Amino acid sequence: MTHNAMNTDFNERSLPRVVVLISGRGSNLSALLAADLPVEIVAVISNKSDAAGLGVAAQAQIPTEVIHHQHFADRETFDRALSERIDHYLGSPDDPSIDCRAAGLVILAGFMRIFSAEFTARYTGRMINIHPSLLPAFTGLHTHQRALDEGVKIHGCTVHLVTAELDHGPILAQAAVPVLSEDTEASLAARVLRQEHQLYPQVVRAWAEGRLKIDEHGMPHWGYEQDPSTALRVPGVQGA
Ligand code: GRF
């Protein structure tokens, strides 16, 4: 992964650019960095100055920025300030000479803010999120405890495109894990997180290499064939 001098010709397809938004510990950011992806992480932006992920970015010599949401009168004003900084790195969709969809991706990696509709519309088809559940189950917070409370046998994580409705955008990929009878919220969260750290880099790599395409309507298209005989059964019921 390259993250040194930024190439400012937004149409020149050397490496696609990504901006990563975080609010916390940054373990998914670490996983993206460790995967040595064919993208240029041009900035990591946080809405919290104490986000541990900022240290992860700084260590990797990636430019970081903090935009405190408390300093803004309302959601729309914060979102405008955030999009101004994202567009600085990825190019503005208002500039007709730039193919923004081709040039860059906004990656949410534990960014704990709900966006205005204006913001999500601006990044239609070029902003992705990872959510710690098998969507559409368990949108929102406390997904692991809710999965335990419901007694589900399979849980997991989802990478999806971000749209105006929280945790409801088109699903790009999912990874499933078993829920064990002895699981606690912490043990289940750890099992899911290990999958997050594999799944998110895989999706970003597929996008960067052109195996995952997102059309002008924000709909994903995968260039792969699936084996229809594969299944994950939990518990592993024999003799069915
Ligand atoms: C992850 O569980 C992710 O699914 C959710 O927020 C958490 C971020 O963790 N969106 P980290 O900051 O990447 O460690």
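Position 1 is the first residue of the sequence, and the numbers go up from there. None of these values were measured; they are calculated from a predicted model. First listed ligand is number 1; within each ligand, the first listed atom is number 1.
- Counting non-hydrogen atoms of other residues, nucleotides and ligands closer than 6.0 Å to CD of Gln59 gives a total of 12 or fewer.
- Of the options Arg191, His155, His144, a side-chain hydrogen bond (donor to acceptor under 3.5 Å, both in side chains) to Asp183 is made by Arg191 and by none of the others.
- Residues Arg122 and Asp94 meet the side-chain proximity criterion, which asks for heavy atoms closer than 4.5 Å.
- Contacts between Met112 and ligand 1 below 4.0 angstrom, taking non-hydrogen atoms only, are absent altogether.
- Close approach of ligand 1 to Gly26 is summarised as follows: ligand atoms under 4.0 Å from at least one heavy atom of the residue are 11 (P), 12 (O), 13 (O), 14 (O).
- Both the sub-6.0 Å distance and the 45° axial angle are not jointly satisfied by Arg75 relative to the ring of Phe115.
- With respect to atom 10 (N) of ligand 1, the closest heavy atom belonging to the protein is Ile130 O, 2.8 Å.
- If you check which protein heavy atom lies closest to atom 8 (C) of ligand 1, you get Gly110 CA, 3.6 Å.
- Contact annotation: the side chain of Ile41 approaches that of Leu33 to within less than 4.5 Å [non-hydrogen atoms, C-beta and beyond].
- Using a 4.0 Å cutoff on heavy atoms, Ile22 does not count as a contact of ligand 1.
- Residue contact check: Arg25 has heavy atoms under 4.0 Å from atoms 9 (O), 11 (P), 12 (O), 14 (O) of ligand 1.
- The closest protein non-hydrogen atom to atom 1 (C) of ligand 1 is Glu196 OE1, 3.2 Å.
- Two residues are said to be in side-chain contact when any heavy atoms from C-beta on lie closer than 4.5 Å; Ile45 and Thr64 fail this criterion.
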